[in-house]
*Asks:* 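Provided herewith is a single structure, encoded as structure tokens, for subsequent inquiry.
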Amino acid sequence: MFRSRPGLVAGALLLAASLGLTACGGDDSADEGADAKSLTLWHYEGPTSAMGIAWTKAIELFKASHPGVEVKFEEKGFEQIQQNAQMILNSDSAPDIMEYNKGNATAGLLSKQGLLTDISAEMTSRGWDKKLSPSLQTTSRYDEDGIMGSGNFYGVPNYGEFVTVYYNKALFDKYKLAVPTSLDEFTKVMDTFVQNKVTPLAVGGAEYPAQQIFYELALSKSDRAFVDDYQLYKNKVDFKGPQLSYGAQTFADWVSKGYISKDSAGIKAEDMGVSFTQGKFPILISGSWWYGRFASEIKDFEWGTFLFPGNTLHPGSSGNLWVVPEKSKAKALAYDFIDITMSPEVQALLGNSGGVPVAADPSQITDPKNKELVETFNKISTGDGLAFYPDWPAPGYYDVLVSGVQGLINGSKTPDAFLGEIAKPYEENLADLGK
């Protein structure tokens, strides 16, 4: 969601040989663009994030193994792609390969509309399916209704992600606070900060971070059956039931108790992250995609992470997907680029830069802190603890949740009104699917 070495040519050629990469990899047919001389690539990771670092390296390796091919890289904003993908991919301005958000409301919707290339054949022929565990493949494949978990493959993730709690150790030490192990202990920690006139949580209410806090709270009262009902439409969801009601009411309580500033309704994710790096807030609840950036940018205090206390389910999944638009003019080159991002070299770099690689050799992750991050993700993933994200179930649901949670923050909506507001588009989507 956010993010050159000696021997580059030799290393790239060795990598190309080991992967069997050529400028004509994959299907040699003309419509696959095997003879294309340029590859237009879009993603929205910052250059200092783990993914940004790894993908910059992948571009270097791609250029070295594909002489004569120009890479036209364009960094886009998450919101820019989120809001305009359908229009862009329906036009002649579509890139050849792009990062796109996974889930029913995003990649699933585009696959249903015929805007993404079915890459099932490449998934097996290039061995990507062997590198992705079944839980990570969930977000790669979509059925004819655009529902994840079955059907054809439309994207490849090369990293994992999950929501965790970042904390400023210096501020915890200042007030003699220990890392909480339960939600009750967590609220007592935040009470201590409020009593000392410190707002505990850095929050970005204008984008995705605030809704992830709401979802964490709902998950504290949830099990796998609820997640399957909400995300995969296994059974009807009661929006006034104990899970979502608890999430909405407790979120509103956190605002009234001063854990969350009312001013945060207008704060974007980037500004939230910067405020934490500057030491202005003791706690930030957000994704593992911030980890590498915090590691490189925070110089003035020690920081650490812990999972949302008491939860066995956490927002998280595979990372965003590399997708190949149906209108791509260089599909074979796009497949080659994906192959490089799944290579041992790039996967190890991703892990050593603070990311969560999906196909790295753990022995190649040398930094103890980064290794801990990878081990935490593996523990969640193998324990069936990935609960996906709250905005996935319906097209346009991201904006609905942003607006709704902003209302909880600024007090313009009651928890009951919020739940009614987010129930409507969810249930309309179910009706459209005939469920």
*Asks:* If only atom types and distance count, is the side chain of Ser288 paired as donor or acceptor with the main-chain N or O of Phe162 below 3.5 Å?
*Replies:*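 Yes, because the side chain of Ser288 sits within donor-acceptor range (under 3.5 Å) of the backbone of Phe162.
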*Asks:* Would you say Asn410's side chain and Ser412's backbone share a donor-acceptor pair under 3.5 angstrom?
*Replies:*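 Flag set: sc Asn410 to bb Ser412 pair under 3.5 Å.
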*Asks:* Rounded to the nearest 0.5 Å, what's the gap from OG1 on Thr40 to CD on Glu70? Could you check?
*Replies:*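 Reported value, rounded in 0.5 Å steps: 8.0 Å.
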*Asks:* For the residue pair Asp229 and Asn235, confirm or rule out a side-chain donor-acceptor distance under 3.5 Å.
*Replies:*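 Their side chains do contain a donor-acceptor pair, which is all the 3.5 Å distance test asks for.
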*Asks:* Under the 3.5 angstrom rule, does the side chain of Tyr100 hit a backbone N or O of Val324 as a donor-acceptor pair?
*Replies:*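 Looks like no, no N/O pair under 3.5 Å.
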*Asks:* Okay, side chain of Asn370, backbone of Asn352: is any donor-acceptor separation there less than 3.5 Å?
*Replies:*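 Indeed, once roles are kept as given, a pair shorter than 3.5 Å links the two residues.
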*Asks:* Any side-chain heavy-atom pair from Pro362 and Val374 closer than 4.5 angstrom?
*Replies:*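 Sidechains of Val374 and Pro362: no contact.
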*Asks:* By the definition side chain to side chain contact (heavy atoms under 4.5 Å, CB included), identify the one residue from Leu109, Asp432, Val400 that meets it with Pro395.
*Replies:*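 Between Pro395 and the candidates, side chain to side chain contact (heavy atoms under 4.5 Å, CB included) is satisfied uniquely by Leu109.
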*Asks:* Are side-chain N/O atoms of Asp129 and Gln137 paired as donor and acceptor at under 3.5 Å?
*Replies:*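 Judged by distance alone, the side chains do not pair up.
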*Asks:* Look at the side chain of Gln406 and the backbone N and O of Ala265, then say whether any donor-acceptor pair between them is shorter than 3.5 Å.
*Replies:*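 Yes, Gln406 side chain to Ala265 backbone: donor-acceptor pair under 3.5 Å.
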*Asks:* Tell me, with the steps shown, if Thr138 and Ser318 meet side chain to side chain contact (heavy atoms under 4.5 Å, CB included).
*Replies:* CA-CA 8 Å; Thr138 299; Ser318 74; over 6 Å; no
*Asks:* Would a line drawn from the ring center of Phe337 to the ring center of Trp322 be shorter than 6.0 Å?
*Replies:*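 Yes.
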*Asks:* Given the rule in the side chain to side chain contact (heavy atoms under 4.5 Å, CB included) test, do Lys413 and Ser403 qualify, once you have shown the distances and angles that lead to the verdict?
*Replies:* CA-CA 10 Å; Lys413 294 185 179 77; Ser403 174; 4.0 Å; yes
*Asks:* Sub-3.5 Å donor-acceptor pair from the side chain of Ser111 to the main-chain atoms of Tyr142, do we have one?
*Replies:*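 No: the side chain of Ser111 does not pair with the backbone of Tyr142.
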*Asks:* My understanding is that only residues two or more places apart in sequence, or in another chain, count here; which of them pass ring pair (Phe, Tyr, Trp, His ring centres under 6.0 Å) with Phe73?
*Replies:*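 For Phe73 the ring pair (Phe, Tyr, Trp, His ring centres under 6.0 Å) partners, ignoring immediate neighbours, are His43.
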*Asks:* Quick one: salt bridge (charged side-chain N to carboxylate O under 4.0 Å, His left out) partners of Glu302, sequence neighbours excluded?
*Replies:*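 Checked Glu302 against salt bridge (charged side-chain N to carboxylate O under 4.0 Å, His left out); zero matches.
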*Asks:* Which distance, rounded to the nearest 0.5 Å, do you find between the OG1 of Thr117 and the CD1 of Ile119?
*Replies:*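 CD1 of Ile119 is found 8.0 Å from OG1 of Thr117.
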*Asks:* If the condition is ring pair (Phe, Tyr, Trp, His ring centres under 6.0 Å), which residues does Phe239 pass it with, not counting sequence neighbours?
*Replies:*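 Tyr426.
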*Asks:* Has the side chain of Asn104 got a donor or acceptor atom that lies under 3.5 Å from a matching backbone atom of Gly108?
*Replies:*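 Here the side-chain-to-backbone pair does not exist.
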*Asks:* Under the side chain to side chain contact (heavy atoms under 4.5 Å, CB included) test against Ser140, which residue among Asn152, Val156, Leu321 passes?
*Replies:*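 Single side chain to side chain contact (heavy atoms under 4.5 Å, CB included) partner of Ser140 among Asn152, Val156, Leu321: Leu321.
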*Asks:* Does Tyr233 have Lys435 sitting over its ring (NZ/CZ under 6.0 Å from centre, angle to axis within 45°)?
*Replies:*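 No - Lys435 does not lie over the ring of Tyr233 by the 6.0 Å and 45° rule.
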*Asks:* If the plane angle is over 60° it's perpendicular, under 30° parallel, otherwise tilted; pick one for Trp303 and Phe294.
*Replies:*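 It falls in the perpendicular class, over 60°.
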*Asks:* Give a yes or no on whether a salt bridge exists between Glu375 and Lys379, defined as a side-chain N under 4.0 angstrom from a carboxylate O.
*Replies:*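 Salt bridge absent between Glu375 and Lys379.
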*Asks:* So how far is it from Gln243 CD to Ser222 OG, rounded to the nearest 0.5 Å?
*Replies:*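 Rounded to the nearest 0.5 Å, the CD-OG separation comes to 4.5 Å.
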*Asks:* Compare every heavy atom of Ala105 with every heavy atom of Ala394, then report the nearest pair and how far apart it is.
*Replies:*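 Smallest interatomic distance, heavy atoms only, reads O-CB, 2.8 Å.
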*Asks:* Strictly by modelled atom types, are Thr48 and Ser296 linked by a side-chain donor-acceptor pair under 3.5 Å?
*Replies:*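 Per modelled atom types, Thr48 and Ser296 side chains form no pair under 3.5 Å.
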*Asks:* Which heavy atom of Ile285 sits nearest to which heavy atom of Leu201, and what is that distance?
*Replies:*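 Where Ile285 meets Leu201 most closely, the heavy atoms are CD1-CD2, 4.1 Å.
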*Asks:* Is it true that a side-chain atom of Gln347 and a backbone atom of Thr341 form a donor plus acceptor pair closer than 3.5 Å?
*Replies:*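 At least one qualifying donor-acceptor pair exists.
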*Asks:* For Trp128, what residues pass the side chain to side chain donor-acceptor pair (under 3.5 Å) criterion, not counting sequence neighbours?
*Replies:*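 Scan of Trp128 (side chain to side chain donor-acceptor pair (under 3.5 Å), adjacent residues dropped) gives Asp339.
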*Asks:* Test of understanding: with ring pair (Phe, Tyr, Trp, His ring centres under 6.0 Å), list the residues that count as partners of Phe214, not counting sequence neighbours.
*Replies:*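 Ring pair (Phe, Tyr, Trp, His ring centres under 6.0 Å) check on Phe214 returns Phe418.
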*Asks:* So which heavy atom on Ser353 is nearest to which on Ala50, and how close?
*Replies:*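 What the structure gives for the nearest pair is O-CB, 3.5 Å.
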*Asks:* Could you walk me through whether Ile213 and Val203 satisfy the side chain to side chain contact (heavy atoms under 4.5 Å, CB included) test, starting with their C-alpha distance in whole Å, then the side-chain angles of each, then the deciding distance to 0.1 Å, before giving a yes or no?
*Replies:* CA-CA 9 Å; Ile213 298 174; Val203 176; 3.9 Å; yes
*Asks:* Let me confirm one number: the CD1-NZ distance from Ile409 to Lys262, rounded to the nearest 0.5 Å.
*Replies:*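 Here the rounded value is 11.0 Å.
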*Asks:* Roughly how far, to the nearest 0.5 Å, is OH of Tyr44 from CD of Glu74?
*Replies:*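 Reported to 0.5 Å precision, the distance equals 15.5 Å.
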*Asks:* Nearest 0.5 Å, what's the OG1-CG distance between Thr305 and Leu284?
*Replies:*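 Those atoms lie 11.5 Å apart.
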*Asks:* Closest approach of Leu39 and Ala334, non-hydrogen atoms and distance?
*Replies:*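 Residues Leu39 and Ala334, closest heavy atoms: CD1-N, 3.8 Å.
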*Asks:* Shortest non-hydrogen contact from Ala348 to Ile365?
*Replies:*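 Looking at all heavy atoms of both residues, the shortest contact is O-CD1, 3.9 Å.
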*Asks:* Which heavy atom of Ala85 sits nearest a heavy atom of Leu110, and at what distance?
*Replies:*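 Scanning both residues completely, I find the closest heavy atoms to be CB-CD1, 4.1 Å.
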*Asks:* Would you call the rings of Tyr215 and Tyr230 parallel, tilted or perpendicular, where under 30° means parallel and over 60° means perpendicular?
*Replies:*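 Answer is tilted, since the angle falls between 30° and 60°.
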*Asks:* Ring pair (Phe, Tyr, Trp, His ring centres under 6.0 Å) with Tyr259: which of Trp254, Phe251, Phe281?
*Replies:*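 Exactly one option meets the ring pair (Phe, Tyr, Trp, His ring centres under 6.0 Å) with Tyr259, and it is Trp254.
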*Asks:* Using a 3.5 Å distance criterion without hydrogens, assess whether the side chain of Thr382 forms a donor-acceptor pair with backbone atoms of Asn378.
*Replies:*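 Checked: pair present.
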*Asks:* Decide side chain to side chain contact (heavy atoms under 4.5 Å, CB included) for Ile283 and Val165; before the verdict, give the C-alpha distance in whole Å, the side-chain angles of both, and the deciding distance to 0.1 Å.
*Replies:* CA-CA 7 Å; Ile283 303 168; Val165 183; 3.5 Å; yes
*Asks:* Parallel, tilted or perpendicular, judged at 30° and 60°: which one describes the rings of Tyr389 and Trp392?
*Replies:*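 Answer is tilted, since the angle falls between 30° and 60°.
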*Asks:* Is it true that atom NZ of Lys369 has more than 12 heavy atoms of other residues, nucleotides or ligands lying nearer than 6.0 Å?
*Replies:*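 Result for NZ/Lys369: enclosed.
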*Asks:* Any luck finding a side-chain donor-acceptor pair between Gln211 and Tyr397 under 3.5 Å?
*Replies:*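 Checked: Gln211/Tyr397 side chains show no N/O donor-acceptor pair below 3.5 Å.
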*Asks:* Are any of the side-chain nitrogens in Lys329 or Asp92 under 4.0 Å away from the carboxylate oxygens of its partner?
*Replies:*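 No, Lys329 and Asp92 are not salt-bridged.
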*Asks:* Within the distance-only criterion (no hydrogens, no angle test), does the side chain of Ser65 pair as donor or acceptor with the backbone N or O of Phe62 below 3.5 angstrom?
*Replies:*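 Yes: the side chain of Ser65 pairs with the backbone of Phe62.
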*Asks:* Going by the rule side chain to side chain contact (heavy atoms under 4.5 Å, CB included), which residues pair with Lys112 if we only count those two or more places apart in sequence or in a different chain?
*Replies:*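 For Lys112 the side chain to side chain contact (heavy atoms under 4.5 Å, CB included) partners, ignoring immediate neighbours, are Leu433.
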